[in-house]
Amino acid sequence: MQWIRPRLVAEVEFAEWTDDGRMRQPIFMGLRPDKDPKACVREEAQPAERLVESAGTRPGLGTTDVTKAAKATGSPAGSDPGTGPVITHPDKVLWPEEGYTKGDLIAYYTAVAPFILPHLKDRPLILKRYPNGIGAPPFYQHDVKTAPAFVKTIPVREEDGSLVHYALCQNPETLIWLANMGVIPQNPWLSRAPELSRPDWIVFDLDPPGDVAFPEVCSLALYLREILEGLGLKVFAKTSGSRGIHIYVPLKPAYDFTQSLGFAQLVGAYAVKVKPDSFTVERSLKARKTDRIYLDCMQNSEGKSVASVYSVREKPGATVSAPLEWAELKRKVRMEDFDIRTMPKRLEKRGDLFAEVLKTRNSLEGALRKLEKLLQPGR
DNA sequence: GATGCAG
DNA sequence: CTGCATCAACGCTTC
DNA sequence: GAAGCG
């Protein structure tokens, strides 16, 4: 048993709700010093909640205040489902160059929670944790053995027979808890519970080498869009927040990973066939020509993840993965235009430009027929 | 960043 | 009590 | 067989 005194507690009001119970408008009240030294909270590790709840995951209304909740219920903070996340070391600097702290990260995710949560919902998360900031080595965590009650997890049987409990991010509390654990980007699977072996999107990662400028990446993203739309697919783009562009092909969850990966690789082969001086699918860095954009299709394997839209990246400037309208790819957008400070304003102004991704359900049959025709020798 | 275990 | 290890994994490649 | 790659 251990006693923790939270130095600060998050004050977040969750005021409005959509019909299906998702948060619409969070009001981040900032971080408040814990004034009462006696208001120590006993944080007891709990076995993570094992059930996947489709409904009823709605977090507690009102101010999420650990201290108050603990007092009110008289029970240990971690064991009360109505209790919010405990924030530790909010002043810890995670981006040394900019001086951005863990508190900044938490404030960001709180602000964008209503927009990012629908994209994370029901997707197992691969936690990539940076407890000591982006300049120190991170570590990965798949199995979430202990977590507060508000964190839902889903058991997944691994190939070796072992059981791994993946976290699902179903509510704002979990988002804050993750950020507090040093999780900077959110890395969800490409499939959702309960259909974990059926991806509901394909991602093409256009990853430029050091000597290809961003406008060139944008122009090739537009070209890949032409290819995919020519196959009859509705597709969407976002910045990766690192150097490249991610193109999403939303799917009806009807294919397995072998099929979606196979399709992605065929598209990759076709892109290289048509523009061999621009694209490469060569995975080895050494064998890869340094003036070509790496079209990474291998991310579409089972159990892999791609940094989600609105994820903060572990990069200088605390850039975020930002959805783009196709017209924006033709204009002068820069990766650095979208960061931890500017994204909330853009969301307020433009709304969720990736909302359609969750409503679109492409089929692959027709596209595959067309693609096979295009790939026939002699064409 | 949190845990659990060795010393 | 302090200190230290642990916290993933997949297909494919080249060395 | 090990190590690199994303």
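Below, read A as the first sequence line, B as the second, and so on, with proteins coming before strands; counting in each chain starts at 1.
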Considering only side-chain heavy atoms of A:M298, which listed nucleotide, D:dG6, B:dG1, C:dG11, is closest? C:dG11
Set of residues satisfying side chain to side chain contact (heavy atoms under 4.5 Å, CB included) with respect to A:T342, sequence neighbours excluded: A:D339
Rounded to the nearest angstrom, tell me the gap between atom CD in A:E314 and atom P in B:dG1. 16 Å
Please measure how far the P atom in C:dG11 lies from the corresponding atom in B:dG1, and state the result in whole Å. 33 Å
Can you tell me if the side-chain N/O atoms of A:T88 get under 4.0 Å from OP1 or OP2 in B:dA2? yes
Rounded to whole Å, the CG-P distance (A:D143 to B:dA2) equals 18 Å
Linked, directly or transitively: A:L261 and A:L224 (ILVMFWY side chains, under 4.5 Å): no
When the C1' atoms of D:dC5 and C:dA8 are compared, how many Å lie between them, rounded to an integer? 15 Å
Rounding to a whole Å, what distance do you find between A:I87:CD1 and B:dA2:P? 12 Å
Of the candidate nucleotides B:dG1, D:dG6, C:dT14, which contains the atom at the shortest distance from the side chain of A:S284? C:dT14
If you compare every side-chain N and O of A:N187 against the phosphate oxygens of C:dA8 (OP1, OP2), does one of them come in below 4.0 Å? no
If the P atom of C:dC7 is compared with that of D:dG6, how far apart are they to the nearest Å? 24 Å
Think A:R288 has a side-chain N or O under 4.0 angstrom from the OP1 or OP2 of D:dG6? yes
Here the distance between atom P of B:dG1 and atom CE of A:M181, to the nearest Å, is 10 Å
Between D:dG6, B:dG1, C:dA9, which nucleotide has the shortest distance from any of its atoms to the side chain of A:Y294? D:dG6
Taking 4.0 Å as the cut-off, does a side-chain nitrogen or oxygen of A:K92 come that near to OP1 or OP2 on B:dG1? yes
Among the nucleotides B:dG1, C:dA8, D:dG6, whichever has the atom closest to the side chain of A:K304 is D:dG6
Can you list everything that forms a side chain to side chain contact (heavy atoms under 4.5 Å, CB included) with A:E282? Sequence neighbours excluded, please. A:T280, A:S284, A:A287, A:R288
Between A:H142 (NE2) and C:dA8 (C1'), how many Å, whole number? 4 Å
Give me each pair satisfying ring-ring contact (aromatic ring centres under 6.0 Å, His included) with a member in residues 285-344 of chain A, each pair once, sequence neighbours excluded. none
Let me know the distance between CD of A:E158 and C1' of C:dA9, rounded to the nearest Å. 9 Å
Is it the case that the base of D:dG6 and the side chain of A:R283 share a donor-acceptor contact (distance under 3.5 Å, atom types as modelled)? no
Just checking A:K128: base, sugar-phosphate only, or nothing, at a heavy-atom cut-off of under 4.0 Å? nothing
A:A254 backbone acceptor or donor facing A:R198 side chain under 3.5 Å: yes
Show every salt bridge (charged side-chain N to carboxylate O under 4.0 Å, His left out) that has at least one partner inside residues 229-247 of chain A, sequence neighbours left out. A:R225-A:E229, A:K234-A:E356
Tell me the interatomic distance from A:Q265, atom CD, to C:dG11, atom P, rounded to whole angstroms. 12 Å
What's the CZ-C1' distance between A:F139 and C:dC7, to the nearest Å? 5 Å
For DNA chain C, just give me the dot-bracket, please: Watson-Crick or G-U, both distances below 3.5 Å, ( ) intra-strand, [ ] crossing earlier pairs, | paired with another strand, . unpaired. |||||||..||||||
Could you give the distance separating D:dG4 and C:dA9 at their C1' atoms, to the nearest angstrom? 14 Å
Sorted by chain and residue number, the ring pair (Phe, Tyr, Trp, His ring centres under 6.0 Å) partners of A:Y248 (sequence neighbours excluded) come out as A:W201, A:F354
Just by distance, no angles: are the side chains of A:N132 and A:K92 close enough, under 3.5 Å, to form a donor-acceptor pair? yes
